[in-house]
Participant: 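Before anything else, here's the structure in question.
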Amino acid sequence: MIGLMDCNSFYVSCERLFRPDLRECPVVVLSNNDGCVVALSREAKQLGIRRGTPYFKVRSLLISCGAAVFSSNYTLYQNISNRVMAVLGELFGEVEVYSIDEAFVHFPLDMPGSVEQAAGAAKEHIERMVGIPVSFGFARTKTLAKAANRMAKQSSCPEGVYVLDESREEEVLRRFPVTDIWGIGSRKGRWLLQRGVVSAWDLRLAPSYWIKEHLSLVTLRTHWELQGRPSIGPETPGAPRKGILSSQGFSREITELFPLSQAVATYAERAAGKLNDQQSTAGYVTVFVRTNRFRHDLQYAREVTLRLDPPTGSSTEIVAAAQRGLRIIFREGYSYAKAGVLLSGIDLPEALQQNLFISRDDRRQRLELAVQQLKSNYGRRVIHTLSSGGEHSWAMRQEYLSPRYTTNWKELPMVR
DNA sequence: TCTGGGGTCCTAGGACCC
DNA sequence: TCTGGGGTCCTAGGACCC
């Protein structure tokens, strides 16, 4: 059987780990720029707040209820996630990490006891070793395991473990809304509802040719998975990214070229850093800028893609290209709210097509290497291009950031 | 005042080939 | 009068995921 482990309200649980005083209290975690609510504790859900709600709309409600509010602290969450996955790996062997708070596991045939017992023990062990509450759903396929996991999170399942045996599939899927199935989003969900496909069981019974014709191969796989035929393979572990995006909204709108180009340089450098981490080169740089999409006046959004020939991993070349791009799309007279840099055409250097007409500058390569070395030893911001430096008055808002308890010597939790 | 960021895969359609 | 059939590769955009 395939199992899906999912951390309960993961970001909230990470914050609570170091703030046990918040265990009973409503807690929310905000997106970048403290924009939207992206994680909620059970108590916060009971206040009627939904994931994705803009913070400014619920701020007064949260304050009046004595809720704790946090900015996203990804450094902390990623570190806690690594710990959860490591413990999971000790218990189940191979783990397919699907997201920061989810992983698929297999129940090994030689494991003693029932699936329920093993998952229950694993849940307890993770909570004891790392301190994060998790849920397990087991079933014949990934899609069914996802559904089982959802069952495990319901109040009717206090153990937090749900094993969806084949014999129980019909009973469970008949009550399972089609719109809650993994792979059915809002668009397909609406389309299916209009045609009387209401439950997961309905989708399982629908004719395959009808699904293939009107929906897609992806939905056909979902349909097979609901029938118990595994159709979604494993993700390749450690596969290099095919596109690398760094973008961010500004904490205040920008009208001048200079701060905008500073921001674009910063994002380009961040993207180049991720590119270097996977030791690849990029063939294209896309730069985009846009005004506040929630405003009705003076909308402007444009992007441009420049070719890097030959492909490069050099942060200085990538920054320079991004700034060239910005000068092409920048227009005076607008208030910019967001910019971003996307790297694509990504390849490993071995696969690199050598450009016969341009010889690589050896000194520049040595410089790149030295810069990378410094960054990996002393942190990403220890050295940066001049164009990304200076004061970032537009920098992300993070008013409620918790300390990086587990990854920074200066921010270790104190026990008094 | 204030509305996230980062990915993946698939499909359709165009350009091009024989 | 009559205008094939089969491919590949690339890109943009859509839908979905967390």
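First the proteins, then the strands, lettered A, B, ... as listed; each starts at 1.
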Participant: Could you tell me how far B:dT3 sits from C:dC18 if I compare only their P atoms? Round to whole Å.
Facilitator: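 Here C:dC18 and B:dT3 have their P atoms 25 Å from each other.
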Participant: Which residue lies toward the 5' end of DNA chain B, A:Lys57 or A:Arg241, if each is placed at its nearest nucleotide?
Facilitator: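 The answer here is A:Lys57.
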Participant: With the criterion set at under 5.5 Å between ring centres and under 30 degrees between planes, would B:dT3 be stacked on A:Tyr55?
Facilitator: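 A:Tyr55 ring does not meet the centre or angle cut-off for B:dT3; no stack.
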Participant: Find the partner of B:dC18: check Watson-Crick (N1-N3 plus N6-O4 or O6-N4) and G-U wobble (N1-O2, O6-N3) distances, both under 3.5 Å, and reply none if neither fits.
Facilitator: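 Its partner is C:dG5.
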Participant: Of the listed nucleotides (B:dT11, C:dC17, C:dA15), which one gets closest to any side-chain atom of A:Arg187?
Facilitator: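 Nucleotide nearest to A:Arg187's side chain: C:dA15.
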Participant: Between C:dC16, C:dC18, B:dG5, spot the one nearest the side chain of A:Trp182, thanks.
Facilitator: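 My answer, after comparing the listed nucleotides, is C:dC18.
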Participant: Round to a whole Å and report the spacing from CD of A:Gln78 to P of B:dG7.
Facilitator: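 In whole Å, B:dG7 P and A:Gln78 CD are 12 Å from each other.
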Participant: Contact class for A:Leu30 (heavy atom, under 4.0 Å): base, sugar-phosphate, or nothing?
Facilitator: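 Nothing: the residue A:Leu30, judged by heavy atoms under 4.0 Å, touches no strand.
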Participant: Closest to the A:Ser31 side chain: B:dG4, B:dT11, C:dC18?
Facilitator: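 For the A:Ser31 side chain, the nearest candidate turns out to be B:dG4.
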Participant: Assign A:Lys242 to base, sugar-phosphate, or nothing according to its heavy-atom contacts below 4.0 angstrom with the strands shown.
Facilitator: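 Sugar-phosphate contact only - A:Lys242 comes under 4.0 Å of backbone atoms but never of a base.
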Participant: In whole angstrom, give the distance that lies between atom CD1 of A:Ile232 and atom P of C:dC16.
Facilitator: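 In whole Å, C:dC16 P lies 14 Å from A:Ile232 CD1.
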Participant: Measure from CD1 on A:Ile244 to P on B:dG5 and round the result to the nearest Å.
Facilitator: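 In whole Å, B:dG5 P lies 18 Å from A:Ile244 CD1.
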Participant: What is the distance, rounded to the nearest whole Å, between atom CG of A:Leu40 and atom C1' of B:dG4?
Facilitator: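 In whole Å, B:dG4 C1' and A:Leu40 CG are 15 Å from each other.
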Participant: Please report the shortest heavy-atom distance between A:Ala68 and A:Cys25, naming the atom on each side.
Facilitator: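 So the minimum-distance heavy-atom pair works out to N-SG, 4.1 Å.
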Participant: Over all strands shown, is A:Ile100 touching base, sugar-phosphate only, or nothing at heavy-atom distances under 4.0 angstrom?
Facilitator: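 Nothing: the residue A:Ile100, judged by heavy atoms under 4.0 Å, touches no strand.
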Participant: Just the rounded figure in Å: distance from C1' of B:dG4 to CZ of A:Arg51.
Facilitator: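 In whole Å, B:dG4 C1' and A:Arg51 CZ are 9 Å from each other.
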Participant: Whole angstrom is fine here: how far is it from NZ in A:Lys188 over to C1' in C:dC17?
Facilitator: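 Interatomic distance, NZ of A:Lys188 to C1' of C:dC17: 12 Å.
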Participant: How is A:Ser246 classified with respect to the nucleic acid when contacts are heavy atoms under 4.0 Å: base, sugar-phosphate, or nothing?
Facilitator: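 Counting heavy atoms under 4.0 Å across all strands, the contact made by A:Ser246 is with sugar-phosphate only.
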Participant: With the side chain of A:Leu245 defined as its heavy atoms from C-beta on, choose the nearest nucleotide among B:dT3, B:dG6, C:dC18.
Facilitator: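 Out of B:dT3, B:dG6, C:dC18, the nucleotide with an atom closest to A:Leu245's side chain is B:dG6.
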Participant: As a test of understanding, state which of A:Val285, A:Thr281, A:Ile318 forms a side chain to side chain contact (heavy atoms under 4.5 Å, CB included) with A:Thr312.
Facilitator: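 In the set A:Val285, A:Thr281, A:Ile318, the residue that makes a side chain to side chain contact (heavy atoms under 4.5 Å, CB included) with A:Thr312 is A:Ile318.
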Participant: Can you see whether A:Phe70 has A:Arg19 sitting over its ring - NZ or CZ less than 6.0 Å from the centre and within 45° of the normal?
Facilitator: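 No - A:Arg19 does not lie over the ring of A:Phe70 by the 6.0 Å and 45° rule.
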Participant: Taking atom P of C:dG14 as reference, at what distance in whole Å does atom CZ of A:Arg190 sit?
Facilitator: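 So the two atoms are 14 Å apart, to the nearest Å.
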Participant: Let me see the working for A:Glu225 and A:Lys142 under salt bridge (Lys or Arg N to Asp or Glu O under 4.0 Å), right down to the final yes or no.
Facilitator: CA-CA 7 Å; A:Glu225 286 249 324; A:Lys142 286 183 170 179; over 6 Å; no
Participant: Within the structure shown, what part of the strands sits under 4.0 Å from A:Gln248 by heavy-atom distance: base, sugar-phosphate, or nothing?
Facilitator: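 Answer is sugar-phosphate: A:Gln248 comes under 4.0 Å of backbone atoms only.
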Participant: Using a heavy-atom cut-off of 4.0 Å across all strands, would you classify A:Ile181 as base, sugar-phosphate, or nothing?
Facilitator: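 Sugar-phosphate: the residue A:Ile181, judged by heavy atoms under 4.0 Å, touches backbone atoms but no base.
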Participant: Which nucleotide wins on minimum distance to the side chain of A:Arg270, given the candidates B:dG4, C:dC16, B:dG6?
Facilitator: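 The nucleotide sitting nearest to the side chain is B:dG6.
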Participant: Verify the contact: side-chain N or O of A:Ser247 to OP1 or OP2 of B:dG6, cut-off strictly under 4.0 Å; return yes or no.
Facilitator: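 Checking A:Ser247 against B:dG6: at least one side-chain N or O falls below 4.0 Å of OP1 or OP2.
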Participant: Check step by step if salt bridge (Lys or Arg N to Asp or Glu O under 4.0 Å) holds for A:Lys123 and A:Glu159.
Facilitator: CA-CA 9 Å; A:Lys123 177 180 158 64; A:Glu159 319 82 62; over 6 Å; no
Participant: Counting only side-chain nitrogens and oxygens, does A:Lys146 get under 4.0 Å of the OP1 or OP2 atom of C:dC16?
Facilitator: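 For C:dC16, OP1/OP2 do not have a side-chain N/O of A:Lys146 under 4.0 Å.
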Participant: Taking side chain to side chain contact (heavy atoms under 4.5 Å, CB included) as the criterion, tell me which of A:Val58, A:Val29, A:Val69 meets it with A:Val37.
Facilitator: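 The side chain to side chain contact (heavy atoms under 4.5 Å, CB included) with A:Val37 is passed solely by A:Val58 among A:Val58, A:Val29, A:Val69.
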Participant: How is A:Gly52 classified with respect to the nucleic acid when contacts are heavy atoms under 4.0 Å: base, sugar-phosphate, or nothing?
Facilitator: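 Counting heavy atoms under 4.0 Å across all strands, no contact is made by A:Gly52.
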Participant: In terms of the nearest nucleotide of DNA chain B, which residue is placed more toward the 5' end: A:Pro240 or A:Leu217?
Facilitator: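 Upstream on the strand: A:Pro240.
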Participant: When you check the phosphate oxygens OP1 and OP2 of B:dG4, does a side-chain N or O of A:Arg293 lie under 4.0 Å from one of them?
Facilitator: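 Answer is yes, contact under 4.0 Å.
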Participant: Check every atom of C:dC16, B:dG5, B:dG7 against the side chain of A:Asn33 and return the nucleotide holding the closest atom.
Facilitator: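 Among C:dC16, B:dG5, B:dG7, the one nearest the side chain of A:Asn33 is B:dG5.
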Participant: When you get a sec, tell me which of B:dT11, B:dC9, B:dG4 is the closest nucleotide to the side chain of A:Arg221?
Facilitator: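 In terms of side-chain proximity for A:Arg221, the closest of B:dT11, B:dC9, B:dG4 is B:dC9.
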Participant: Can you find a side chain N or O atom of A:Lys338 that sits less than 4.0 Å from OP1 or OP2 on B:dG5?
Facilitator: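 Answer is yes, contact under 4.0 Å.
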Participant: Please pick, from B:dG6, C:dC18, B:dG4, the nucleotide with the shortest atom-to-atom distance to any side-chain atom of A:Lys274.
Facilitator: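 Selected nucleotide: B:dG6.
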Participant: What is the separation between atom OH on A:Tyr284 and atom P on C:dA12, rounded to the nearest whole Å?
Facilitator: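 The answer, rounded to whole Å, is 10 Å.
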Participant: NA contact type, A:Arg59, heavy-atom cut-off 4.0 Å: base, sugar-phosphate, or nothing?
Facilitator: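 Base, at least one base heavy atom under 4.0 Å.
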Participant: Does A:Asp34 reach a base, just sugar-phosphate, or nothing at all? Heavy atoms under 4.0 Å.
Facilitator: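 Result for A:Asp34 = nothing.
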Participant: Just to verify, which of A:Glu94, A:Glu96, A:Glu235 counts as forming a side chain to side chain contact (heavy atoms under 4.5 Å, CB included) with A:Phe104?
Facilitator: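 When A:Glu94, A:Glu96, A:Glu235 are each tested with A:Phe104, the side chain to side chain contact (heavy atoms under 4.5 Å, CB included) holds only for A:Glu96.
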Participant: Report which part of the nucleic acid A:Thr53 touches: base, sugar-phosphate, or nothing (heavy-atom distance under 4.0 Å, all strands).
Facilitator: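 Result for A:Thr53 = nothing.
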Participant: Give a yes/no verdict on a cation-pi contact between A:Arg59 and A:Tyr55, requiring under 6.0 Å between NZ or CZ and the six-membered ring centre and an angle within 45° of the axis.
Facilitator: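 Flagged: A:Arg59 positioned over aromatic ring of A:Tyr55.
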